[in-house]
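The basis for the numbers below is simple: all heavy atoms, side chains too, and nothing from hydrogens, waters or symmetry mates.
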Amino acid sequence: MRRFRSSVARLALVAMLLLAACAPPPQVHTLSGPTMGTVWTVRLAGLPADVTVPRLRAEIEALLETANAQMSTYRDDSEITRFNRAPAGTAMTVSEDFARVLAAALALAEDTGGAYDPTVGPLVNLWGFGPDGHRDRAPEDAAIAAMRERVGWQRLRFDAATRTLVQPGGVYLDLSSIAKGDAVDRIAEHLAARGVAAALVDIGGDMRLFGRKPDGSGWRVAIERPVPGTRDVHTIIEPGDRAVATSGSYRNFFRDGDREFSHTIDPRSGRPVAHGLVSVTVIDESCLRADALATALTVLGPEEGYAFAEVRGLAVLLLVREGDSVAERMTPAFARYLERAP
């Protein structure tokens, strides 16, 4: 009798192993599409039984549509465009999402002394990096001075409690340096709420990650070496359940004669940044915050930006062009996310 039970147990074990061997391996599903002038990509694993990939795609696209309807300066019907075109004195009650993003942008503007400024839009457009179209020559000093008159985050009258925003006249909000990160957060939080076990959400290089891949490993992120015309990897990080955003001045620029003009505009001078800091990567709990910080640190530059990050304990990697080479500076908080050798 004992041998019979033992044989049955062995047969049951063999059957279980055969079933496990025949079961399909856990999948990583990849979804993507266009948004915000770039591409969104979502890799996800560990879907609940009642959640399908097509349904998640539809939900992701709905979230992106909402974000664009609120904060895209390229849409005539968006919430932000209605504010930008409103006559002086117009009071608007903005959506909860818009109010939350604007409050975060204004807080960072104050913290950076205006190096980050959500009202920089007129200068962005003047230099050819907004919806007004590209240019191949630097604007005249008089035009820059005129646009600077319209810039200044302190001019905004915003009551976060009532979500009331008043157009003082001529202010043009541009939240493109924070809206992508916010959209990433919305998607990641939605997927987690739907019971997805692991995901990597990416919009144009702004990412948020959570969970582990089916093989048990964590998500890894490659940081590009800032050399135009190449796609070399500078380093690889393992952020864990965090967000990552990179701001670089080495791909989006134009030349006028022998000068290069970056798409990152310093609101304080009205001109593109001209220092050697060509790439900033920020790791943070929030992609909204990482996205905006990456832009702010790019404006602040290699010295002031590093000091700003270090004193606040931010996880930041700065890549600085020095002649024909690229030097790196990373804060102690960033170093802990470097890929570990096996």
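The structure places CG of Asp185 at 11.0 Å from CG of Asp97, a figure rounded to the nearest 0.5 Å. Here the OG1 atom belonging to Thr66 is positioned 12.0 Å from the CD atom belonging to Glu61, to the nearest 0.5 angstrom. Separation of atoms CG (Leu44) and CG (Leu31) is listed at 5.5 Å; rounding is to 0.5 Å. Rounding to the nearest 0.5 Å places CG of Leu318 at 8.5 Å from OG1 of Thr298. Distance check, rounded to the nearest 0.5 Å: CZ of Arg75 to CD1 of Ile80 gives 12.5 Å. Note that CZ of Arg100 is 9.0 Å distant from CD1 of Ile178, once rounded to the nearest 0.5 Å.
Taking a 6.0 Å sphere around CD of Glu189, one finds it holds more than 12 heavy atoms contributed by other residues, nucleotides or ligands. With a 6.0 Å radius and a threshold of 12 heavy atoms from other residues, nucleotides or ligands, Arg43 has its CZ atom at or below the threshold. By the neighbour-count criterion of 12 heavy atoms within 6.0 Å, atom CD of Glu110 is sparsely surrounded, having that number or fewer from other residues, nucleotides or ligands. Atom CZ of Arg155 is surrounded by more than 12 heavy atoms from other residues, nucleotides or ligands within 6.0 Å.
For Glu59 (side chain) and Leu63 (main-chain N/O), no donor-acceptor pair under 3.5 Å exists by modelled atom type. Judged by distance alone, the side chain of Arg150 and the main-chain N or O of Gly170 form a donor-acceptor pair under 3.5 Å. In this structure, the side chain of Ser325 engages the main chain of Glu322 through a donor-acceptor pair within 3.5 Å. Checked by atom type and distance alone, the side chain of Thr331 pairs as donor or acceptor with a backbone atom of Leu314 at under 3.5 Å. Arg82 contributes a side-chain N or O that, together with a main-chain N or O of Asp77, makes up a donor-acceptor pair within less than 3.5 Å. No side-chain donor-acceptor contact under 3.5 Å links Thr81 to the backbone of Ser78. Checked by atom type and distance alone, the side chain of Glu79 pairs as donor or acceptor with a backbone atom of Ser95 at under 3.5 Å. Looking only at distances, no side-chain donor or acceptor of Thr90 sits under 3.5 Å from a matching main-chain atom of Ala86. Between the side chain of Glu140 and the main chain of Ala142, no donor-acceptor pair closer than 3.5 Å is present. Between the side chain of Trp40 and the backbone N or O of Asp202 there is no donor-acceptor pair closer than 3.5 Å.
By the rule that hydrophobic residues join a cluster once side-chain heavy atoms approach within less than 4.5 Å of another member, Val171 and Leu106 end up as members of one cluster. Under a hydrophobic clustering in which Ile, Leu, Val, Met, Phe, Trp and Tyr are joined whenever their side-chain heavy atoms come within less than 4.5 Å, directly or via other members, Leu200 and Leu47 fall into different clusters. Residues Val196 and Met207 fall into different hydrophobic clusters, defined by Ile, Leu, Val, Met, Phe, Trp and Tyr side chains chained together at heavy-atom separations under 4.5 Å. Cluster membership for Tyr172 and Val124, using ILVMFWY side-chain heavy atoms within less than 4.5 angstrom, is not shared. Residues Met36 and Val39 do not share a hydrophobic cluster, defined by chaining ILVMFWY side chains whose heavy atoms lie under 4.5 Å apart.
Across all their heavy atoms, Ala243 and Ser286 have their closest contact at CB-C, 3.6 Å. The heavy-atom pair separating Ser32 from Thr41 by the smallest distance is CB-OG1, 3.8 Å. Pro48 and Gly195 make their closest contact through CG-O, 3.4 Å (heavy atoms, listed as atom of the first residue, atom of the second, distance). The shortest heavy-atom contact between Ile144 and Ser269 is CG2-O, 4.3 Å. Summarising the geometry of Asp241 relative to Phe210, their closest heavy-atom pair is OD1-CA, 3.2 Å, with the distance given to 0.1 Å. Minimum interatomic distance between Leu277 and Gly301 (heavy atoms only, all atoms of both residues): CD2-C, 3.6 Å.
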| task | Take Trp219 and Lys213 through the side chain to side chain contact (heavy atoms under 4.5 Å, CB included) test and state the conclusion after the steps. | result | CA-CA 7 Å; Trp219 300 104; Lys213 291 182 287 185; 3.6 Å; yes

What do the steps show when you test Glu303 against Arg329 for salt bridge (charged side-chain N to carboxylate O under 4.0 Å, His left out), and what is the final call? CA-CA 10 Å; Glu303 301 302 329; Arg329 295 190 71 186; 3.3 Å; yes

**OP:** Evaluate side chain to side chain contact (heavy atoms under 4.5 Å, CB included) for Arg225 paired with Val326, printing each intermediate quantity in order.
**Re:** CA-CA 8 Å; Arg225 190 164 182 79; Val326 174; 3.8 Å; yes

Original post:
Between Val299 and Leu297, is a side chain to side chain contact (heavy atoms under 4.5 Å, CB included) present by the stated rule, with each step listed?
Top reply: CA-CA 5 Å; Val299 173; Leu297 295 171; over 6 Å; no

request  = Would you please test Val201 and Leu191 for side chain to side chain contact (heavy atoms under 4.5 Å, CB included) and show each step?
outcome  = CA-CA 10 Å; Val201 181; Leu191 293 174; 4.0 Å; yes

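Side chains of Asp266 and Arg271 form no contact here, defined as non-hydrogen atoms less than 4.5 Å apart. For the pair Phe308 and Asp111, the minimum side-chain heavy-atom distance is below 4.5 Å. When side chains are defined from C-beta on, Leu173 counts as touching Phe98, because their heavy atoms get closer than 4.5 Å. You'll find the side chain of Arg194 reaches within 4.5 Å of the side chain of Arg55, heavy atoms only. Side-chain contact between Met330 and Val316 is absent, with no heavy atoms from C-beta onward closer than 4.5 Å. The shortest side-chain heavy-atom distance between Leu209 and Val244 falls under the 4.5 Å cut-off. Using a 4.5 Å heavy-atom threshold, the side chains of Val94 and Gln70 count as separate. A heavy-atom distance below 4.5 Å is found between the side chains of Ile187 and Val42.
Judged by distance alone, the side chains of Asp215 and Ser217 do bring a donor and an acceptor atom under 3.5 Å apart. Judged purely by distance below 3.5 Å, without hydrogens or angles, the side chains of Asp117 and Thr119 pair a donor atom with an acceptor atom. Under 3.5 Å, the side chains of Tyr116 and Ser177 contain a donor-acceptor pair of N or O atoms. With 3.5 Å as the limit, one finds a donor-acceptor pair spanning the side chains of Glu328 and His234.
Thr246 pairs in a side-chain contact (heavy atoms from CB on, under 4.5 Å) with only one of the listed residues (Asp291, Thr281, Leu319), which is Thr281.
Cation-pi geometry between Arg336 and Phe334 is not met: the NZ or CZ atom fails to fall both under 6.0 Å from the ring centre and inside 45° of the normal.
The pair Arg186-Asp182 meets the salt-bridge criterion, since a charged nitrogen lies less than 4.0 angstrom from a carboxylate oxygen.
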